[in-house]
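Here is the structure we will look at.
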2 protein chains.
Amino acid sequence: MVDRIRRIPEATVARLPVYLRSLAELVDEKIATVSSERLAEMAGVNAAKVRKDLSYLGSYGTRGVGYDVEYLLFQMSRELGLTHDWPVAIVGAGNLGQALANYGGFTQRGFPVAVLVDADASKVGQIIHGVRVHHIDELPELSATLGIGIGIIATPASAAQDVADRLVAAGVASILNFAPAVISVPDGTSLRKVDLALELQILSFYQEHRDLESDGAPPHQAPLAPG
Amino acid sequence: MVDRIRRIPEATVARLPVYLRSLAELVDEKIATVSSERLAEMAGVNAAKVRKDLSYLGSYGTRGVGYDVEYLLFQMSRELGLTHDWPVAIVGAGNLGQALANYGGFTQRGFPVAVLVDADASKVGQIIHGVRVHHIDELPELSATLGIGIGIIATPASAAQDVADRLVAAGVASILNFAPAVISVPDGTSLRKVDLALELQILSFYQEHRDLESDGAPPHQAPLAPG
DNA sequence: CTTCGCTTGTGATCATGTGCACGACCGGAG
DNA sequence: CTCCGGTCGTGCACATGATCACAAGCGAAG
Ligand SMILES: NC(=O)c1ccc[n+]([C@@H]2O[C@H](COP(=O)([O-])OP(=O)(O)OC[C@H]3O[C@@H](n4cnc5c(N)ncnc54)[C@H](O)[C@@H]3O)[C@@H](O)[C@H]2O)c1
Ligand SMILES: NC(=O)c1ccc[n+]([C@@H]2O[C@H](COP(=O)([O-])OP(=O)(O)OC[C@H]3O[C@@H](n4cnc5c(N)ncnc54)[C@H](O)[C@@H]3O)[C@@H](O)[C@H]2O)c1
C-alpha cells in the first residue's frame, strides 16, 4: 500500500472503536495474537471487512499467523488519536448532563469531564462528581485554559443551536449533540448526534412492520453511523 | 408507484423520525403546507433526498404546491408505528437507567417507561419517577402483562448478552443497548446500540487528523446509523 | 381554455460500502 | 531445501445510498 494516500472511509472509522474494545479484551485475557476471523466474531462483523478495515491502517498483520494484539492496539489508538486525553466540556447541567458527569467510563477511556457549564445562575458553583459548574459566558476562557477538545450539548433542543455556536466560537471543533434538534456547524467542525427518541422510533418501525406482515423484514443490526 | 412493493431502505427509515420532528414543529407554527426544500432545510439534508424518501411512503405531495403538513405527519406516524404507545422496559436501575426513567421525553413521544428491572435485590421495590423496580426474574410475566414492546439495556457490559437473551426469551423483539458490548440476537429481533464512548472516539479521530494535516478532512455530519 | 410558474416524483448516474475469491506470503515440518 | 496448512491483503463484482436533472402535473391568472 502506498503510504499516506490512505484516506480512511467513514464506515471504517466508525468500526475502529469496536475493534479497539475487542483488542482491549484480548489484552486482558493475555492473548498475544488474533486472526481476522476471531476479531470479526468479537466485533460482530465479517472477517473480510475486518481485514479490509485494518489494511487502511497499514499492513500490520502476518500472513499465516494473524495480528499481534498489543501492536495493533497501539497503532489503532494512535490512529484514533487516543494516545492523549481529550478534555470534554458538558453544556447543560440538568438531568442528563449530571448523569454523564457522574459516569466514570469517559475519564477511563481518555475523555475526562473537565468542566460543566450552564446558563442557569442557580446551577453555577455546584460541584458534580468533583467538577464545578461554570456560567456559559466563561466558555471561551475555560476552553482555552483547560484545552477543551470536545463539547457535549445536553441542553433543551431550543438552546442547542445557540450552544453549538458558542462552542464553535470558543474554539471547540468537535461536538456531540444529545438534544433532539438539527443543528449546523461550519466546515471544519465535526458534529455527531445521539438521539434516543429517534432510536426508539426506528425500532418501532421495524417492530410494527414485523407485526403487520409476517414477511422477512430484515433483522436489524444497528449500523454505526457514520452514524 | 406500485403499491406495496415498496420496501423502505434502511437509510430512509433512519431519517423519517427527523422529518417527523420537523413536521411537528410546522404544525406548532400553524403552517399548512411545506415544500421539500423547506423540509430539507429543517431536517439538515438535501431536497432531492427528502422527495425520494417521502415517495417511499406514497405520493402524498402535490406538484406545484408541496406537502400537506398534517396529512404527511399522519401518514408518517402510521408508517413508523407511532399511532399507539410502545411500553418500554429498562433493564438496570443504576445511574443511567434511573436518568432515563426520570426523563419525561420518552413518554411524551409514545414510549412510556412501564417498568424497571434489576438483578440487585436492594434496588427492587424502589419507586423511580413513579415506576417500580422489579426483579429481572419477573421479566416474562411483566412483559406479557404490560405489553412491553421495547427493552433498554442499561447494565454493565458484562451482563449485556445475558440480559438480551432474557429479553428475547420474554418475547421482547426490539432492543436498545447502552452497554459498550457487542451482543447478538436471533433473527426477527431488532437491535440498535448507543455507545457514547464510541462516538467520542470517532470525534477524536477526525479532530486528530484535522490537527495533524491541515487538509480537507471532511466536516463530519453524523449520518444516522442505521446507527 | 390556455398559459405559465412552481414543485413533485423518478430514471439515470455516480459514490460509497460490502463480500467473495484468490494470490501472496509466513512459519513450521520433513 | 521443499512442501504445506494457514492467514493476510486486495482486486473485482455486487448492493446500497446519494445526487442530479427533468418531464409530469397542479393551480392560479388571464
Ligand atoms: N435526561 C435524559 O435521559 C435524556 C434522554 C434523551 C435526551 N435528552 C435530551 O437531553 C437534553 C437535556 O435533557 P435534560 O433532561 O438534562 O434536561 P434538563 O432540563 O434537566 O437540563 C437542561 C439544562 O440545560 C440548561 N440550559 C438551558 N438553556 C441553556 C443554554 N442556552 N446554555 C446553557 N445551558 C442551558 C438548563 O439550565 C438545565 O440545567 C434535552 O434536549 C433532552 O431532550 C435527555
Ligand atoms: N451512566 C452513564 O452516563 C453512561 C454513559 C454511557 C454508557 N453507560 C453504560 O450504561 C451501562 C449502565 O451504566 P450505569 O452508570 O447505569 O451503571 P450502574 O452500575 O450505575 O448500573 C448498572 C445497574 O445494572 C444492574 N445489573 C447488573 N447486572 C445485571 C443483570 N444481570 N441484570 C439486571 N440488572 C443488572 C446493577 O444492579 C445496577 O443497578 C453501562 O454499561 C455503562 O457503560 C452509562
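Any value given below was found using the heavy atoms of this structure, including those in side chains, with hydrogens, waters and symmetry copies removed. What you see is a predicted model, and the numbers here were worked out from it, not measured in a lab. Letters A, B, ... mirror the listed sequences (proteins, then strands); counts begin at 1.
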Whole-Å distance between dC8(D) P and Gln75(A) CD?
17 Å
If the condition is ring-ring contact (aromatic ring centres under 6.0 Å, His included), which residues does Phe178(B) pass it with, not counting sequence neighbours?
none
Sorted by chain and residue number, the salt bridge (Lys or Arg N to Asp or Glu O under 4.0 Å) partners of Asp162(A) (sequence neighbours excluded) come out as Arg166(A)
What's the CG-P distance between Asp53(B) and dG17(D), to the nearest Å?
10 Å
Residues that Pro87(A) engages under side-chain contact (heavy atoms from CB on, under 4.5 Å), provided they are two or more places apart:
Ala114(A), Ile148(A)
Between dG9(C) (C1') and Leu57(B) (CG): distance, integer Å
13 Å
From CG of Leu54(B) across to C1' of dT10(C) the rounded distance in Å is 14 Å
Residues forming a ring-ring contact (aromatic ring centres under 6.0 Å, His included) with Phe205(A), sequence neighbours excluded:
His209(A)
Length of the line joining Arg7(B):CZ and dG17(D):C1', which is rounded to integer Å
18 Å
Ring geometry between Trp86(B) and His84(B) (parallel below 30°, tilted from 30 to 60°, perpendicular above 60°)
tilted
Each nucleotide of nucleotides 20-30 of chain C classed B (base within 4.0 Å of a protein heavy atom), S (only sugar-phosphate) or -, in 5' to 3' order, makes BB-BBBBS---
Rounded to whole Å, how long is the line connecting atom CG of Asp68(A) with atom P of dC8(D)?
13 Å
Applying salt bridge (Lys or Arg N to Asp or Glu O under 4.0 Å), can you list everything that pairs with Asp165(B), at least two apart in sequence or on another chain?
none
Residues passing the ring-ring contact (aromatic ring centres under 6.0 Å, His included) test with Phe74(B), sequence neighbours excluded, are none
So does Tyr56(B) get a side-chain nitrogen or oxygen closer than 4.0 Å to the phosphate oxygens (OP1/OP2) of dG17(D)?
no
For the helix from dC1(C)-dG30(D) to dG30(C)-dC1(D), measure the angle between the helix axis at one end and the axis at the other, each built from five pairs, rounding to 10°.
10°
dA15(C) C1' sits how many Å from Glu10(A) CD, rounded?
12 Å
Within 6.0 angstrom of Glu37(B) CD, more than 12 heavy atoms from elsewhere:
no
Given that Thr12(A) and Ser36(B) both sit by DNA chain C, which one's nearest nucleotide is further toward the 5' end?
Ser36(B)
Closest nucleotide among dG19(C), dG9(C), dT7(D) to the Lys49(A) side chain
dG19(C)
Can you list every pair that meets salt bridge (charged side-chain N to carboxylate O under 4.0 Å, His left out) and has a residue in residues 49-63 of chain B, with sequence neighbours left out?
Arg15(B)-Asp53(B)
